[in-house]
2 protein chains.
Amino acid sequence: MKPDATAAADFLLEAFLPYELSVAANRISRLFARRYSAEFGISIAEWRVLAVVGRFGTLSPGGVAERTEMDKVKVSRAAASLVEAGLLEQSADPQDGRARRLRLTARGTGVHQAIIPRARALEAQLSAGMDPGDWATLRRLLRQVSAHAQALDDPEPGRAPAVP
Amino acid sequence: MKPDATAAADFLLEAFLPYELSVAANRISRLFARRYSAEFGISIAEWRVLAVVGRFGTLSPGGVAERTEMDKVKVSRAAASLVEAGLLEQSADPQDGRARRLRLTARGTGVHQAIIPRARALEAQLSAGMDPGDWATLRRLLRQVSAHAQALDDPEPGRAPAVP
DNA sequence: TGCATCCGGTTTCATTTGCAACTAATCCAT
DNA sequence: ATGGATTAGTTGCAAATGAAACCGGATGCA
């Protein structure tokens with residue numbers, strides 16, 4: 001029989017991209033969480049909300065969800081927790097009775113301004129381990145494969161949606 | 001005042017490597033889980049155990065933990081669940097009364113042989129989206145940054161452990 | 001030998017997560 | 001306008017997770 005490229009016995013988990021990617025992401029997330037988020041008492045999810053609300057000034061939970069790739073439940077909970085901690089304030093949207101508006105409080109702004117440089121420092125530490133060109137390449141290729149994965153994920157393989 | 005490279009207002013979450021990495025990893029894991037693991041009724045953790053036990057024949061839970069980067073609790077639970085599903089068998093280690101030996105059952109071997117080609121197919125689909133050289137580069141750089149992150153994580157920054 | 005310690009693995013408990021159901025408000029077609 | 005379908009956001013519940021406690025069994029050493 002022909003040498004089978006798909007022989008199961010040959011398969012090495014350590015060389016499987018989804019696995020490698022997951023390991024790398026977990027390591028770096030843990031690193032980030034342990035070093036910085038924990039210091040400010042916020043989780044990764046809360047950090048993401050803080051980051052985008054800090055960036056955009058005022059944002060709806062839905063807007064946060066889009067920009068952080070978190071689902072709305074996670075945003076809702078992270079926001080509630082930040083409100084509880086006094087870092088975020090939530091108000092009704094005058095335009096739309098269903099929507100809410102999120103803004104940082106003074107304390108939230110303080111934490112935001114304190115944590116961003118830490119985030120940048122961590123990234124700098126990571127990139128310090130490698131050639132600058134490689135670093136840029138890594139980011140470009142990562143974005144590429146990520147976008148490709150999303151394209152594979154979204155539409156069910158095959159035919160167009162039935163005419164309604 | 002000087003233009004501050006660390007101004008918090010400039011920070012873009014979407015361009016923050018830990019974030020990008022996490023998003024990419026989640027997308028691909030979901031893709032994998034939805035397409036294949038779910039089809040065989042196993043979780044990602046179980047898939048990892050299946051993969052390494054299938055690869056090495058017989059392995060202790062500790063050995064699985066090393067090779068999958070899962071902690072021992074997760075391995076224990078995944079193994080229990082696979083045993084429950086009839087894919088794995090767990091026996092006492094004759095050498096060491098504490099240890100256990102894990103092996104695939106016939107059914108487990110069947111699932112293993114069925115799922116590996118699927119995993120390879122997914123990887124092929126992902127890599128099909130990009131230049132083969134880029135693909136290889138991505139994997140190399142990913143491994144590099146992952147190793148670097150581990151180096152940053154493990155040892156507390158600074159001094160050697162106190163003499164006991 | 002006897003005892004303190006260490007080690008492999010499992011269990012317990014408190015959180016966290018994800019999904020589906022839910023509430024309330026807007027939209028839209030009649 | 002009015003009722004049905006959508007949308008924004010929250011909540012409830014069940015499964016997944018992580019940390020620490022736990023249970024033998026092995027090991028070292030007096």
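Values below: every heavy atom of this structure, side chains too, minus hydrogens, waters and symmetry copies. Lettering of chains follows the sequences in order, A, B, ..., and the numbering in each one begins at 1.
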From [atom1] of [X] over to [atom2] of [N], roughly how many Å is that when rounded to an integer?
{"X": "Leu102(B)", "N": "dT10(C)", "atom1": "CG", "atom2": "P", "result": "8 Å"}
{"X": "Ile44(B)", "N": "dA16(D)", "atom1": "CD1", "atom2": "P", "result": "12 Å"}
{"X": "Met70(A)", "N": "dT17(C)", "atom1": "CE", "atom2": "C1'", "result": "11 Å"}
{"X": "Glu84(B)", "N": "dT10(C)", "atom1": "CD", "atom2": "P", "result": "14 Å"}
{"X": "Asp93(A)", "N": "dA24(C)", "atom1": "CG", "atom2": "P", "result": "19 Å"}
{"X": "Arg34(B)", "N": "dG18(C)", "atom1": "CZ", "atom2": "C1'", "result": "13 Å"}
{"X": "Asn26(A)", "N": "dG18(D)", "atom1": "CG", "atom2": "C1'", "result": "13 Å"}
{"X": "Arg30(B)", "N": "dG18(C)", "atom1": "CZ", "atom2": "P", "result": "9 Å"}

Under a 3.5 Å threshold, yes or no: a donor from one side chain and an acceptor from the other, between [X] and [Y]?
{"X": "Ser146(A)", "Y": "Arg27(B)", "value": "yes"}
{"X": "Glu46(B)", "Y": "Ser81(B)", "value": "yes"}
{"X": "Arg120(A)", "Y": "Gln125(A)", "value": "no"}
{"X": "Arg48(A)", "Y": "Ser22(B)", "value": "yes"}

task: Would you sort out whether Glu20(B) and Arg139(A) count as a salt bridge (Lys or Arg N to Asp or Glu O under 4.0 Å), showing the intermediate values?
output: CA-CA 8 Å; Glu20(B) 293 182 282; Arg139(A) 309 190 51 160; 2.9 Å; yes

task: Any chance you could list the contact pattern along nucleotides 2-15 of chain D? Use B for base contacts, S for sugar-phosphate-only contacts and - for none, protein heavy atoms under 4.0 Å, 5' to 3'.
output: -----BSBBBB---

field: Derivation of the side-chain contact (heavy atoms from CB on, under 4.5 Å) call for Ile116(A) and Tyr36(A)
entry: CA-CA 10 Å; Ile116(A) 295 289; Tyr36(A) 306 123; over 6 Å; no

